[in-house]
Amino acid sequence: MLPTIAREADVVVMIDQRKLPVQEVYVRCRTAPEVARAIKTMVIRGAPAIGVAAAMGIAIGMRASKATGTQKFAGEFFRICDLMAATRPTAVNLFWAIERMKHSFGAGAEAGESVDQLKDRLDREAEAIHDEDVASCRAMGAYGAAVVPADARILTHCNAGALATAGYGTALGVIRGAVEAGKRVAVFADETRPFLQGARLTAWELVRDGIDTTVITDNMAGALMRQGQVNFVVVGADRIAANGDTANKIGTYTVAVLAREHNIPFYVAAPLSTIDLHTPDGTHIPIEERSAKEVTHVGPARLTPEGARVWNPAFDVTPHGLIAGIITERGILRPPYTESLKQAFEPLVAGIRV
Ligand code: MRU
């Protein structure tokens, strides 16, 4: 499996996604601020991967603490949580992972655990967040494979693969699941301007797995669909509101509209950690705006004239009405999403919802 992120003693190691596919180099983060910077600068990106990185960053940050009393230790802990929370605003997995770390910390503190015990507990929680993400992706892959056509020509946008998660991927997990289930699969990867996650990362992952891959620029998707060359669309998500409205990489909305026009099923694949029941609908999802330089330049080369303004939202929102189903680790959720999303969180006893 692809080594997106791993913990080596007190270092968090990440493959540098800014350099792929040309160079396969690893960044070693030794402090919490280094992890926060790696998230902000997109060394690591993708909603679930960002959550895992933040949890590991908190764990190594607290491991390095010199505090001997829990009060001072707690102060440092909350400062590091705030640092992680300030990195990227849209992917709710980041805030979900920080909340999980806080919850674990709170339980330990309440039980009167020592600083050393709290450090161990934070390590274990970060590891669990990592391992559960891989398991969720595998489950999504198995559920999603069932709705992929036997002879599939799949369009995907951005990178919702192993690189965007702790491993295996969400949308690419569904694609991998379909391949493992014996389906014939060809994938069209949208280039995904401006950061080129599709051209660089999705294509890299799929080619490594030996999956038939064609890269298209974003503006080719409509013509491809009109020619009848796409029969399934699957994308990831950064935040799914309580009514099913879904924030994902800029350009996803355009793909969803095109899919509706051409009667192609449009699916979102995401773990429950991407569902935000506290956000009622897409209008309330904070959308990150990134540096103009991502648009004005490709590498060191300038594309646009000085003086032209730039709009660079990193995400858009696809209205729930365009989404055929949301593939999660608990099965495929269907409209009305206001009901099915809520139900997905109900506890299971022996596999039955209670
Ligand atoms: O800006 P990025 O590269 O972090 O955006 C990533 C996406 O939009 C992904 O599709 C999303 O996070 C899902 S990843 C499983």
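For ligands, and for the atoms within them, numbers begin at 1 and follow the listed sequence.
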**Q** Go through R302 and E306 one step at a time and tell me if the salt bridge (Lys or Arg N to Asp or Glu O under 4.0 Å) criterion holds.
**A** CA-CA 9 Å; R302 177 175 260 284; E306 301 276 3; 3.5 Å; yes
**Q** Just jot down the ligand 1 atoms closer than 4.0 angstrom to any heavy atom of K249, in number order.
**A**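 Counting from 1, the qualifying ligand atoms are 1 (O), 2 (P), 5 (O), 8 (O).
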**Q** Identify the closest protein heavy atom to atom 9 (C) of ligand 1: which residue and atom is it, and at what distance?
**A**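 For atom 9 (C) of ligand 1, the nearest protein heavy atom comes out as N248 OD1, 3.4 Å.
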**Q** Out of all atoms in ligand 1, which are within 4.0 Å of some heavy atom of A164? Include the element for each.
**A**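 Answer, ordered by atom number: 14 (S), 15 (C).
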**Q** Please determine if P48 has a nitrogen or oxygen closer than 3.5 Å to a nitrogen or oxygen of ligand 1.
**A**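 The answer is no, given that P48 and ligand 1 share no N or O pair closer than 3.5 Å.
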**Q** Would you check, one step at a time, whether the test side chain to side chain donor-acceptor pair (under 3.5 Å) holds for Q229 with R153?
**A** CA-CA 7 Å; Q229 300 218 44; R153 296 178 307 280; 5.8 Å; no
**Q** Pairs of nitrogen or oxygen atoms closer than 3.5 Å, one from T170 and one from ligand 1: do any exist?
**A**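 No, T170 has no N/O under 3.5 Å of an N/O on ligand 1.
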**Q** Only one of M14, M56, K40 forms a side chain to side chain contact (heavy atoms under 4.5 Å, CB included) with V35, so which one is it?
**A**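 Checked M14, M56, K40 against V35; only one passes side chain to side chain contact (heavy atoms under 4.5 Å, CB included): M14.
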**Q** Is there a heavy atom of A314 sitting under 4.0 angstrom from any atom of ligand 1?
**A**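 Checking ligand 1 against A314, which is what was asked, there is no heavy-atom contact under 4.0 Å.
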**Q** Go through the steps for T274 and N93 under the test side chain to side chain donor-acceptor pair (under 3.5 Å), then give the verdict.
**A** CA-CA 5 Å; T274 306; N93 307 62; 2.9 Å; yes
**Q** Return yes when atom CZ of R18 has more than 12 non-hydrogen atoms of other residues, nucleotides or ligands closer than 6.0 Å, and no otherwise.
**A**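 Yes, enclosed.
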**Q** Out of all atoms in ligand 1, which are within 4.0 Å of some heavy atom of A47? Include the element for each.
**A**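 Once the distances to A47 are compared, the set is 12 (O), 14 (S).
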**Q** Return the option from A247, A270, A237, G46 holding the heavy atom at the smallest distance from atom 13 (C) of ligand 1.
**A**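 Going through A247, A270, A237, G46 one by one, A237 has the nearest heavy atom to atom 13 (C) of ligand 1.
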**Q** According to the interplanar angle, ranging from 0 to 90°, do the rings of H320 and Y337 count as parallel (below 30°), tilted (30 to 60°) or perpendicular (above 60°)?
**A**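 Perpendicular, since the angle between the ring planes exceeds 60°.
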**Q** N248 vs T246, test: side chain to side chain donor-acceptor pair (under 3.5 Å). Steps then yes/no.
**A** CA-CA 6 Å; N248 190 49; T246 294; over 6 Å; no
**Q** Compute the shortest N/O to N/O distance between H157 and ligand 1 and return yes if it is under 3.5 Å, no if not.
**A**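 N/O-N/O distance under 3.5 Å: no.
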**Q** Tell me which part of Q197 gets within contact of ligand 1: side chain, backbone, both or neither, using heavy atoms under 4.0 Å.
**A**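 Looking at Q197 and ligand 1, just side chain atoms fall under 4.0 Å.
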**Q** Show which atoms of ligand 1 fall inside a sub-4.0 Å distance from at least one heavy-atom site of R88.
**A**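 With R88 as reference, the close atoms of ligand 1 come out as 1 (O), 2 (P), 4 (O).
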**Q** Are there more than 12 heavy atoms of other residues, nucleotides or ligands under 6.0 Å from atom CZ of R184?
**A**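 Open.
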**Q** Tell me every residue that passes ring-ring contact (aromatic ring centres under 6.0 Å, His included) with F195, counting only those two or more places apart in sequence or in another chain.
**A**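 F195 satisfies ring-ring contact (aromatic ring centres under 6.0 Å, His included) with no residue once adjacent residues are dropped.
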**Q** Between W204 and R208, is there a cation-pi geometry (under 6.0 Å to ring centre, at most 45° from the normal)?
**A**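 Yes - R208 lies over the ring of W204, closer than 6.0 Å to its centre and within 45° of its axis.
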**Q** Indicate yes or no: does an N/O atom of G236 lie under 3.5 Å from an N/O atom of ligand 1?
**A**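 Looking only at distances, the answer is no, because the N/O contact criterion of under 3.5 Å is not met.
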**Q** For atom 11 (C) of ligand 1, which candidate among V235, T252, D238 holds the nearest heavy atom?
**A**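 Looking at heavy atoms only, D238 sits closest to atom 11 (C) of ligand 1.
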**Q** Heavy-atom pairs closer than 4.0 Å: do any link ligand 1 to the side chain of A160, the backbone, both, or neither?
**A**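 Within the 4.0 Å criterion, A160 contacts ligand 1 through backbone and side-chain atoms alike.
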**Q** Does an N or O from R45, backbone or side chain, lie closer than 3.5 Å to an N or O of ligand 1?
**A**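 By distance alone, the answer is yes.
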**Q** Select one of side chain, backbone, both or neither to describe which atoms of M42 lie under 4.0 Å from any atom of ligand 1, heavy atoms only.
**A**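 The part of M42 near ligand 1 is the side chain, not the backbone.
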**Q** Does K102 make a cation-pi contact with F78, if we ask for NZ or CZ under 6.0 Å from the ring centre and within 45° of the axis?
**A**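 Relative to the ring axis of F78, which defines the angle, K102 lies outside at least one limit.
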**Q** Measuring from non-hydrogen atoms of F195 to any atom of ligand 1, is the shortest distance under 4.0 Å?
**A**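 Not so, F195 does not reach ligand 1.
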